[in-house]
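Notes for the one structure printed next.
The figures that follow rest on heavy atoms only: side chains count, while hydrogens, waters and symmetry mates do not.
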Amino acid sequence: MASTLRSGIIGTGFMGEVHAHAVRAAGGTVGAVAGRTTASAERAATALGALHAAASPEALIEREDVDVVHICTPNATHAQYAKLALAAGKAVICEKPLATSVEDAAELADLAQRHGSVAAVPFVYRFYPAVREARGLVARGEAGRLWLLHGSYLQDWLASPQATNWRVDPAAGGASRAFGDIGVHWCDLMEFVTGQRITRLVASMSQAFADRGGEGGSFPVATEDGATVLFETDQGATGSVVVSQVSPGRKNRLWFSFDGTEASVSFDQEQPDTLWVGRTDAARQIPVGPDTLATDGGRRYARLPAGHPQGYQDSFNAFVADVYEAVRGNAPDGLPTFADGLRAAQLTQALVTSAHEGEWASVPARDKVFTII
């Protein structure tokens, strides 16, 4: 393997651009890019600064000058490309959802384990310094016993009935849209920060618009615009999360409050430069910076002085840098792997089952999920 890791990016849209920026920030090279057609790959190669345009995703995966395959394609294609990349001996970063079924996600987690591959899923909100600080405070017991875990993840990019996207189609995006796309981010963050695991949930899925479409005609929508979830954890806590892609004015508001017997910790992704910590005698906003955070995890990911906010791209850069460190043989703490992708698929299936049947649904125990790194 070359001393400078060489990436191949499959996908030419927004996420492909995010991955390309992160590759370069991690000291890697964007060696090749592939799209739906050779023409789209050539355009993307110019836009993303890639050295080569591959004729197809399969051709990119087979290239000897690609060490890490980044999969940034519609959800329904993730499993097939991830399988090919693992079989080719590549390290893999696959956008979530890892797969649109639990069976495919489990197969990929198993393949990654058997191949000994570094295989990661971009649950990048783990890499905000404030989130790591919250995790450290909880681990040190400063919040006491966490008993109420609640929050929301709200967006508005589908707030018009004319707005549509491939994610709206279950054949391309999967049976769940809002929860499968962004709700799993919130659940991953909750479990990562608190160390607790959802054991069962009850959910309701809802639509703001029954039909979507523009001048070319409308079509019925088969996936949810939003979801409301109640859950219980393996440590006796209860919680709730509200997820929506149709909340006007909310651009990307991932918010949580994890309430303990001694303190509560709260984070808002749209205001990432502070962590709120509340106690009965006072509440304070902790500014994010290497000199203001108290835990090793928080300080490690705080790259800028307090007052200089780090955002989504910074966190994505940190995630890719940690993946590349794992490829070099150094496994950083908290790297989200295909095991976490399987976990998200299990939560999504439980949500869909509960919403359709109107009953509580169980979620498999964490110890049944593979550990890869």
How long is the gap from OG1 on Thr12 to CD on Glu42, to the nearest 0.5 Å?
12.5 Å
Could you tell me whether the side chain of Ser315 and the main chain of Gly311 form a donor-acceptor pair under 3.5 Å?
yes
Determine whether Trp147 and Leu137 fall in the same hydrophobic cluster, where Ile, Leu, Val, Met, Phe, Trp and Tyr are linked whenever their side-chain heavy atoms lie under 4.5 Å apart.
no
Write out all pairs satisfying salt bridge (Lys or Arg N to Asp or Glu O under 4.0 Å) with one or both partners inside residues 283-296, taking only residues at least two apart or from two chains.
Asp296-Arg299
Are Tyr81 and Phe14 connected, step by step, through hydrophobic side chains (Ile, Leu, Val, Met, Phe, Trp, Tyr) whose heavy atoms are closer than 4.5 Å?
yes
Start with the C-alpha distance between Glu262 and Glu142, add both sets of side-chain angles, then the distance that settles side-chain contact (heavy atoms from CB on, under 4.5 Å), and finish with yes or no.
CA-CA 7 Å; Glu262 300 296 328; Glu142 294 189 23; over 6 Å; no
Within the 3.5 Å criterion, strictly below it, is a donor on Tyr128 or Gln310 matched to an acceptor on the partner's side chain?
no
Minimum heavy-atom separation for Gly180 to Lys96, with atom names?
O-CD, 4.3 Å
Please report the C-alpha distance between Trp157 and Arg167 in whole Å, then the side-chain angles of each, then the deciding distance to 0.1 Å, and finally whether the side-chain contact (heavy atoms from CB on, under 4.5 Å) criterion is met.
CA-CA 12 Å; Trp157 68 284; Arg167 290 176 176 84; 4.0 Å; yes
Is it the case that the side chains of Asp259 and Ser264 hold a donor-acceptor pair, with the cut-off being a distance below 3.5 Å and no angle test?
yes
For the pair Ser240 and Thr228, evaluate side-chain contact (heavy atoms from CB on, under 4.5 Å) and give the outcome as yes or no after the intermediate values.
CA-CA 7 Å; Ser240 66; Thr228 304; over 6 Å; no
So that I can tick it off, tell me whether Lys90 and Asp67 are bridged by a salt bridge, with the cut-off set at under 4.0 angstrom between side-chain N and carboxylate O.
no
Those residues that, when tested against Trp276, pass ring pair (Phe, Tyr, Trp, His ring centres under 6.0 Å) (two or more places apart)
none
Is any side-chain heavy atom of Asn75 less than 4.5 Å from a side-chain heavy atom of Trp166?
yes
Just verifying a value: how many Å separate Glu103 CD and Leu342 CG, rounded to the nearest 0.5 Å?
10.0 Å
I need the full list of side chain to side chain donor-acceptor pair (under 3.5 Å) pairs touching residues 20-34, with sequence neighbours left out, sorted by first then second residue.
none
Without swapping roles, check the side chain of Gln155 against the backbone of Ser244 for a donor-acceptor pair under 3.5 Å.
no
For Leu146 and Leu149, which heavy atoms make the closest approach, and how far apart are they?
CB-CD2, 4.1 Å
Please check if the side chain of Thr233 supplies one atom and the backbone of Ala237 the other of a donor-acceptor pair under 3.5 Å.
yes
Counting N and O atoms only, with roles assigned by atom type, does the side chain of Asp156 sit under 3.5 Å from a partner on the main chain of Pro248, one being a donor and the other an acceptor?
no
For Val193 versus Val131, what's the shortest heavy-atom pair and its separation?
CG2-CG1, 3.7 Å
Does Lys83 reach the side chain of Asp104, with side-chain heavy atoms less than 4.5 Å apart?
yes
Listing request: all ring pair (Phe, Tyr, Trp, His ring centres under 6.0 Å) pairs with a residue in residues 36-67, at least two apart in sequence or in separate chains.
none
Should Tyr125 and Tyr153 count as side-chain neighbours, where that means a heavy-atom distance under 4.5 Å?
yes
Indicate the ring-plane relationship of His70 and Tyr324, choosing parallel, tilted or perpendicular according to the 30° and 60° boundaries.
perpendicular
Return the set of residues passing ring pair (Phe, Tyr, Trp, His ring centres under 6.0 Å) with Tyr301 (not counting sequence neighbours), or none when no residue passes.
Phe127
Criterion side-chain contact (heavy atoms from CB on, under 4.5 Å) on Arg253 and Asp268, from CA distance to verdict:
CA-CA 7 Å; Arg253 189 178 188 264; Asp268 182 351; 3.5 Å; yes
Calculate, to the nearest 0.5 Å, the distance between atoms CD1 and CD1 belonging to Ile9 and Ile93 respectively.
9.0 Å
Do Val246 and Trp255 land in one hydrophobic cluster if side-chain heavy atoms of ILVMFWY residues count as linked below 4.5 Å?
no
Within the side chain of Arg343, is there an N or O that forms a donor-acceptor pair under 3.5 Å with the backbone of Pro364?
yes
Identify the two heavy atoms, one from Ala41 and one from Val33, that lie closest to each other, and give their separation to 0.1 Å.
O-CG1, 3.5 Å
Just by distance, do the side chain of Arg177 and the backbone of Glu224 share a donor-acceptor pair under 3.5 Å?
yes
Interatomic spacing from CD in Gln235 to OG1 in Thr194 - rounded to 0.5 Å
7.0 Å
Glu95 (side chain) donor-acceptor with Ile71 (main chain) under 3.5 angstrom
no
Keeping the roles fixed (side chain from Arg135, backbone from Phe192), state whether a donor-acceptor pair exists under 3.5 Å.
yes
Given the rule that I, L, V, M, F, W and Y join up when any side-chain heavy atoms are under 4.5 Å apart, are Val327 and Val30 in one cluster?
yes
If we check side chain to side chain donor-acceptor pair (under 3.5 Å) with Arg126, which of these qualifies: Asp322, Asp333, Asp340?
Asp340
Does some side-chain heavy atom of Val243 sit less than 4.5 Å from a side-chain heavy atom of Ile182?
yes
Can you check whether Val202's main-chain N or O pairs, donor with acceptor, with Glu359's side chain at less than 3.5 Å?
no
Applying the 4.5 Å side-chain criterion to the ILVMFWY set and letting contacts propagate, would Val242 and Leu230 be lumped into a single cluster?
no
Could you tell me which non-hydrogen atom of Pro287 sits nearest to which non-hydrogen atom of Thr292, and how far apart they are?
O-OG1, 2.5 Å
Hey, mind stepping through Asp65 and Arg63 against salt bridge (Lys or Arg N to Asp or Glu O under 4.0 Å) and telling me if it holds?
CA-CA 5 Å; Asp65 59 353; Arg63 291 183 68 98; 2.9 Å; yes
Quick one: are the ring centres of Trp186 and His150 less than 6.0 Å apart?
no
Only residue of Asp225, Asp181, Asn165 satisfying side chain to side chain donor-acceptor pair (under 3.5 Å) with Gln245 is Asp181
Are Arg212 and Leu158 side-chain neighbours, meaning at least one heavy-atom pair lies under 4.5 Å?
yes
How close do Val288 and Ala130 get, heavy atom to heavy atom, and via which atoms?
CG2-CB, 3.8 Å
So, does Thr199 use its side chain to make a donor-acceptor pair with the main chain of Glu232 at under 3.5 Å?
yes
Min side-chain heavy-atom separation Thr295-Arg132 under 4.5 Å:
no
Hey, could you give me the CG/CG distance between Asp273 and Leu304, rounded to the nearest 0.5 Å?
11.0 Å
For the atom pair CD (Gln285) and OG1 (Thr274), what is the distance rounded to the nearest 0.5 Å?
4.0 Å
Can a cation-pi geometry be assigned to Arg200 and Phe231, taking NZ or CZ under 6.0 Å from the six-membered ring centre and within 45° of the ring axis?
no
With sequence neighbours left out, which residue pairs that include part of residues 113-123 fulfil the salt bridge (Lys or Arg N to Asp or Glu O under 4.0 Å) condition?
Asp110-Arg114
Using a 4.5 Å cut-off on heavy atoms from C-beta on, say whether the side chain of Tyr312 contacts that of Gln269.
yes
Ring-plane angle category for Phe258 and Phe256, please: parallel below 30°, perpendicular beyond 60°, tilted otherwise.
parallel
Side-chain touch Arg36/Pro57, heavy atoms, less than 4.5 angstrom:
no
